[in-house]
Amino acid sequence: MMGNFPGSFARERIYVSTTDTFDAEADLDFIAIEAVINGDPVRLTTAEKIFAARFLDGRGMTPSAIAYLIRSTAHTVRGWKDNGWKRRDSATPPPVKEREEPVCGERRMYRRHLAAGESCDVCRAANTAADRRYRLTGSTEEAA
């Protein structure tokens, strides 16, 4: 018997598929996906989470609401959406920003001089200053 308070009505159940219960090729369990979409605590594989997120996005839900239901983060849901609802291939790392070669007068160059067995007073002074900043402030970077 239902009570007389707001929200006591029977909620509409969302169905993912009316005919299939699984997709062996894509490794999807539609029963588990349906349970999660309807608020039941079920553990999903990544493929199932992506399918559920795409399904809920098509129904107009926000990434944070989707993330709450599938037990993920909104950042992850946005990443899947930006990637065409695909998992980022972990074999392909994100592009790395190239670092500039160190020049004399930097702490990094002091390390290279040491490795090469060289002595450079300018680089040693830069290393000493960076070390002093680190001990005083917790960072080797100069204040802006």
Side-chain angles (χ1 to χ4, degrees), residues 1-117 120 123-144:
M1 179 169 212
M2 297 282 177
N4 291 342
F5 55 91
S8 64
F9 56 89
R11 191 178 139 216
E12 171 197 2
R13 184 145 180 95
I14 301 171
Y15 296 99
V16 176
S17 175
T18 56
T19 56
D20 295 329
T21 59
F22 69 95
D23 181 353
E25 285 183 22
D27 188 30
L28 300 175
D29 178 0
F30 293 129
I31 295 172
I33 294 169
E34 185 177 301
V36 164
I37 287 174
N38 288 294
D40 297 334
V42 177
R43 298 188 89 180
L44 299 179
T45 64
T46 303
E48 291 166 346
K49 285 183 179 186
I50 292 172
F51 183 90
R54 184 177 188 176
F55 182 83
L56 292 171
D57 183 67
R59 293 181 65 102
M61 289 186 79
T62 63
S64 57
I66 294 169
Y68 177 78
L69 284 174
I70 66 172
R71 288 152 185 83
S72 188
T73 64
H75 177 76
T76 302
V77 173
R78 280 190 221 96
W80 290 333
K81 186 175 182 177
D82 293 344
N83 198 29
W85 295 109
K86 296 177 194 158
R87 174 196 259 178
R88 186 178 70 77
D89 184 15
S90 60
T92 308
V96 177
K97 182 181 173 185
E98 294 291 325
R99 289 183 76 174
E100 296 177 8
E101 283 292 316
V103 294
C104 270
E106 292 181 351
R107 183 178 193 163
R108 292 188 303 152
M109 194 61 190
Y110 174 73
R111 299 282 179 202
R112 283 205 181 172
H113 284 307
L114 282 181
C120 177
C123 292
R124 186 176 334 142
N127 183 63
T128 303
D131 185 53
R132 185 177 301 115
R133 274 191 303 276
Y134 180 74
R135 283 185 274 120
L136 294 173
T137 65
S139 172
T140 59
E141 301 298 317
E142 292 185 39

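None of the values given here were measured: they were computed from a predicted structure. Heads up: numbering here begins at 1 and tracks the sequence.
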> Can you name the nearest heavy-atom pair linking Tyr110 to Cys123, along with the distance?
Replying inline: CB-O, 3.5 Å
> Closest heavy-atom contact between Ala52 and Ile33?
Replying inline: CB-CG2, 3.8 Å
> For the residue pair Leu69 and Met61, what are the closest heavy atoms and their distance?
Replying inline: CD1-CE, 3.7 Å
> What is the distance from atom CZ of Arg59 to atom CD1 of Ile37, rounded to the nearest 0.5 Å?
Replying inline: 8.0 Å
> Distance from Asp57 atom CG to Arg78 atom CZ, nearest 0.5 Å?
Replying inline: 11.5 Å
>> According to salt bridge (charged side-chain N to carboxylate O under 4.0 Å, His left out), does anything in residues 107-117 pair up with another residue at least two apart or in another chain? List the pairs.
In response: Glu101-Arg112, Glu106-Arg108
>> Counting only heavy atoms from other residues, nucleotides and ligands, does the tally under 6.0 Å from OH of Tyr68 exceed 12?
In response: no
> Under a 4.5 Å cut-off applied to non-hydrogen side-chain atoms, are Thr46 and Ile50 in contact?
Replying inline: yes
> Should we count CZ of Arg54 as having more than 12 external heavy atoms under 6.0 Å?
Replying inline: no
> Does the side-chain contact (heavy atoms from CB on, under 4.5 Å) test come out yes or no for Lys49 and Thr76, once each step is laid out?
Replying inline: CA-CA 10 Å; Lys49 285 183 179 186; Thr76 302; over 6 Å; no
>> On a heavy-atom basis, which atom in Ala74 and which in Ala67 lie closest, and how many Å separate them?
In response: N-CB, 3.4 Å
> What salt bridge (charged side-chain N to carboxylate O under 4.0 Å, His left out) pairs are there with at least one residue in residues 30-45, not counting sequence neighbours?
Replying inline: Arg13-Glu34
> Distance-only, no hydrogens or angles: does the Arg99 side chain make a donor-acceptor pair with backbone N or O of Lys97 under 3.5 Å?
Replying inline: no
> Taking side chain as C-beta onward, heavy atoms only, is Ile70 less than 4.5 Å from Val77?
Replying inline: yes
> Looking only at heavy atoms, what is the nearest atom pair of Thr45 and Glu48, with distance?
Replying inline: N-OE1, 2.9 Å
> Taking all atoms of both residues into account, what is the closest heavy-atom pair of Val42 and Ala35, and its distance?
Replying inline: CG2-CB, 3.7 Å
